[in-house]
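Read the structure below first, then the notes.
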Amino acid sequence: MRLSRFYLPLLKETPSEAQIASHRLMLRAGMIRQQGAGIYAWLPLGFLVLKKIEQIVREEQDRAGAVEMLMPTIQPADLWRESGRYDAYGKEMLRITDRSDREMLFGPTNEEMITEIFRAGVRSYKDLPKMLYHIQWKFRDEIRPRFGVMRGREFLMKDTYSFDIDEAEARRSYNKMFVAYLRTFARMGLKSIPMRADTGPIGGDLSHEFIVLAETGESAVFCDERLIDMEVPDKETDFDGDLQPVFDQFTSLYAATDEMHNNEDFEKRVPSENRMSARGIEIGHIFYFGTKYSLPMKASVAGADGKDSPVHMGSYGVGVSRLLGAIIEAFHDDDGCKWPMSVAPFHVGVINLKSGDDACDKACATLYDALREAGVDVLYDDTGGRAGEKFARMDLIGLPYQVVVGPRGLKSGNVEIKRRSDGEREEVSVDSAVHFIAERVSDALKVE
RNA sequence: CGGGGCGUAGCGCAGCCUGGUAGCGCAUCUGGUUUGGGACCAGAGGGUCGCAAGUUCGAAUCUUGCCGCCCCGACCA
């Protein structure tokens with residue numbers, strides 16, 4: 001992409017409403033634009049990242065055996081009357097009426113709808129287990145939206161729903177998502193920690209929040225710091241096999257959010273040198289809720305004995321749009337974003353320091369074409385303007401690598417390559433630059 | 001929803017207390033000098049001061065109502 005064609009409205013000054021780094025940087029880097037409280041338009045740069053995050057989520061869901069579909073944003077109220085949640089949900093749910101005065105709502109989640117869809121098509125235990133997911137915009141009329149996309153009212157969420165014949169089988173589905181989540185967040189460079197979450201009236205131990213540690217996190221968390229470097233299962237993991245050992249391993253050490261924290265327990269189970277109290281951002285939440293919806297909504301299947309019984313369900317959410325905020329919180333400095341390669345809007349930025357200069361233009365054009373040929377996403381800064389402005393802009397948007405092409409280096413046939421993550425620079429010849437970048441990009445994108 | 005604050009040019013703000021017909025920085029446009037980390041000089045364009053009503057000879061400024069947004073708290077992916 002040529003910068004001169006792109007739409008990248010940057011802000012030099014910090015908008016007054018942005019309190020935390022991710023919100024500030026998303027506004028300054030021209031990724032989002034606010035349209036109302038907790039409602040954002042995704043500008044080209046932000047949208048590129050959003051799509052990359054979405055794709056990683058999708059790939060790991062598919063790997064775990066879930067099947068993608070798409071449910072509507074608008075749902076009929078009657079569906080929610082079946083589960084009893086139409087009245088229970090409260091003002092968080094945006095209720096609307098259509099031209100015939102039919103009661104509708106903008107979906108805050110999809111348990112009811114997926115249950116209706118499932119019950120319409122499945123009769124026998126032989127059709128189980130099933131895991132279905134979609135990635136769709138949700139609306140929750142939060143009392144107080146804040147922190148940009150971290151707590152918006154409209155947000156993009158991946159939600160998966162599992163259907164099993166009994167609790168033991170449901171646990172297997174739960175474990176699949178548990179592992180899928182560990183992998184999903186790791187691929188984005190995040191160290192996520194599963195923490196016991198409140199299961200509410202249903203009870204049991206089957207609800208976990210996936211937390212990424214960040215100073216600006218919304219909740220206080222307490223954990224054994226050895227969890228941070230626990231090894232995430234690789235892509236050869238057999239999702240049809242027994243995943244219980246992985247679950248056991250990750251849940252063997254203490255980890256709890258504020259609500260679930262028990263200090264006595266914490267001190268008993270965690271050696272003092274490993275105790276960690278920090279703040280965290282919730283980026284995923286998985287939940288087993290048994291027959292909560294299948295019973296009232298009559299989603300049953302015939303068992304081997306010919307008798308009908310309600311299916312056991314679970315739901316598994318990932319805050320896709322929220323992840324942008326979480327990733328920036330984890331990877332940024334005073335100058336801007338520092339995207340991990342896997343979610344970067346472009347892998348590399350080519351900076352033409354002297355647009356209009358024959359040698360510079362030529363070298364840049366060669367690099368631009370060759371990099372794209374090599375499968376690298378390139379943003380080519382072909383604009384006029386001063387060097388300082390170009391450097392600052394590229395640092396702000398935070399592409400993993402910058403290739404600086406200027407008359408000074410070209411005299412000796414060289415360009416400068418800067419790595420955004422640590423600022424390390426290296427002079428390489430124009431000829432070897434493509435290989436240099438392409439190799440590092442493909443290494444960084446390798447899925448393990 | 002309780003408490004606090006803010007709406008003045010694209011962005012950041014001053015002016016409001018003490019009414020007199022709107023200003024600064026950045027950005028934008030033109031010309032020139034510059035050119036490897038957000039340049040400089042000269043000039044120009046751009047605002048029904050959130051909306052509505054009221055007080056007044058006169059309202060960005062005072063009064064009332066409404067709308068929007070932000071911050072703290074309780075709630076949430």
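Reminder, nothing fancy here: chain letters follow the sequence lines and each chain counts from 1.
Spacing between B/A60 and B/A22 at atom C1', rounded to whole Å, works out to 8 Å. Nucleotides B/G23 and B/A44 have their P atoms positioned 13 Å apart, rounded to a whole Å. When the C1' atom is compared between B/U61 and B/U56, the two are found 13 Å apart, to the nearest whole Å. Nucleotides B/C71 and B/A27 have their C1' atoms positioned 28 Å apart, rounded to a whole Å. Atom name P, nucleotides B/G36 and B/C40: the rounded distance is 14 Å, in whole Å. The separation of B/G25 from B/G15, taken at their C1' atoms, amounts to 15 Å, rounded to a whole angstrom. Using atom P as the reference point in both B/A39 and B/C72, the two lie 34 Å apart (nearest Å). Nucleotides B/G65 and B/G4 have their P atoms positioned 15 Å apart, rounded to a whole Å.
Between A/E424 and A/R419 there is a salt bridge, since a side-chain N of the basic residue sits under 4.0 Å from a carboxylate O of the acidic one. A salt bridge between A/D164 and A/R172 is absent, with no side-chain N of the basic residue lying under 4.0 Å from a carboxylate O of the acidic one. Between A/R5 and A/D382 there is no salt bridge, since no side-chain nitrogen of the basic residue lies less than 4.0 Å from a carboxylate oxygen of the acidic one. Between A/D258 and A/R279 there is no salt bridge, since no side-chain nitrogen of the basic residue lies less than 4.0 Å from a carboxylate oxygen of the acidic one. For A/E111 and A/K292, the salt-bridge test fails: no basic side-chain N is under 4.0 Å from an acidic carboxylate O. Salt-bridge formation is not detected for the pair A/D335/A/R420: no Lys NZ or Arg NE/NH1/NH2 atom is positioned less than 4.0 Å from an Asp or Glu carboxylate oxygen. Using a 4.0 Å cut-off between charged side-chain N and carboxylate O, A/K158 and A/E60 make no salt bridge.
Where A/L11 and A/F147 each meet RNA chain B at their nearest nucleotide, the meeting point lying more 5' is that of A/L11.
A/R33 comes within 4.0 angstrom of nothing in the nucleic acid, heavy atoms only.
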Mind listing the N/O atom pairs, protein and nucleotides 73-77 of chain B, below 3.5 Å?
residue	atom	partner	partner atom	Å
B/C75	N3	A/R151	NH1	3.2
B/C75	N4	A/R146	NH2	3.2
B/C76	O2'	A/E142	OE2	3.2
B/C76	O2	A/R151	NE	3.4
B/C76	O2	A/R151	NH2	3.4
B/C76	N3	A/R151	NH2	2.6
B/A77	O3'	A/E282	OE1	3.0
B/A77	O3'	A/E282	OE2	2.3
B/A77	N6	A/G152	O	2.5

Would you tabulate the pairs of protein nitrogen or oxygen atoms and nucleotide nitrogen or oxygen atoms of nucleotides 32-37 of chain B closer than 3.5 angstrom?
residue	atom	partner	partner atom	Å
B/U34	O2	A/R386	NH1	2.8
B/G36	O2'	A/R408	NH1	2.8
B/G36	O6	A/G406	O	3.1
B/G36	O6	A/R408	N	3.1
B/G36	O6	A/G409	N	2.9
B/G37	O6	A/K418	NZ	3.4
B/G37	O6	A/R425	NH1	3.3
B/G37	O6	A/R425	NH2	2.9
B/G37	N1	A/D395	OD2	3.1
B/G37	N2	A/D395	OD2	2.4

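One atom, CD1 of A/I39, and another, P of B/G68, lie 11 Å apart when rounded to the nearest Å. A/Y40 places its OH atom 10 Å from the C1' atom of B/C69, with the value rounded to the nearest Å. Look at CD on A/Q19: it is 5 Å from P on B/C71, rounded to the nearest Å. Going from atom NE2 of A/H23 over to atom C1' of B/C69 covers 11 Å, rounded to whole Å. Summarising the geometry, the separation between CG on A/L396 and C1' on B/C11 is reported as 14 Å, rounded to the nearest angstrom.
Nucleotide B/C66 is matched to B/G50 when pairs are restricted to Watson-Crick or G-U wobble geometry with both distances under 3.5 angstrom. With a cut-off of 3.5 Å on both Watson-Crick or G-U wobble distances, the partner of B/U55 is given as none. Across every strand in view, B/C13 sits in a pair with B/G23 that passes the Watson-Crick or G-U test at under 3.5 angstrom. In this structure B/A42 sits in a base pair with B/U30, meeting the Watson-Crick or G-U test at under 3.5 Å. Base-pair partner of B/G73: B/C1 (Watson-Crick or G-U wobble, both distances under 3.5 Å). Pair assignment for B/A60 gives none, since no Watson-Crick or G-U wobble pairing has each distance under 3.5 Å.
The base of B/G12 has none of its N or O atoms less than 3.5 Å from a complementary donor or acceptor on the side chain of A/R24.
Between the CD atom in A/E225 and the CZ atom in A/F222 there is a gap of 15.0 Å [rounded to 0.5 Å].
Aromatic ring orientation, A/Y40 versus A/H23: perpendicular (interplanar angle above 60°, classes split at 30° and 60°).
A cation-pi geometry, defined here as NZ or CZ lying under 6.0 Å from the six-membered ring centre and within 45° of its normal, does not hold between A/R372 and A/Y380.
Put simply, A/K12 has a side-chain N or O that comes within less than 4.0 Å of OP1 or OP2 on B/A27. A sub-4.0 Å separation between OP1 or OP2 of B/G38 and a side-chain N or O of A/K390 is absent.
Remark: of the listed residues A/F250, A/F247, A/Y288, A/Y181, A/F247 is the sole one forming a ring pair (Phe, Tyr, Trp, His ring centres under 6.0 Å) with A/H208.
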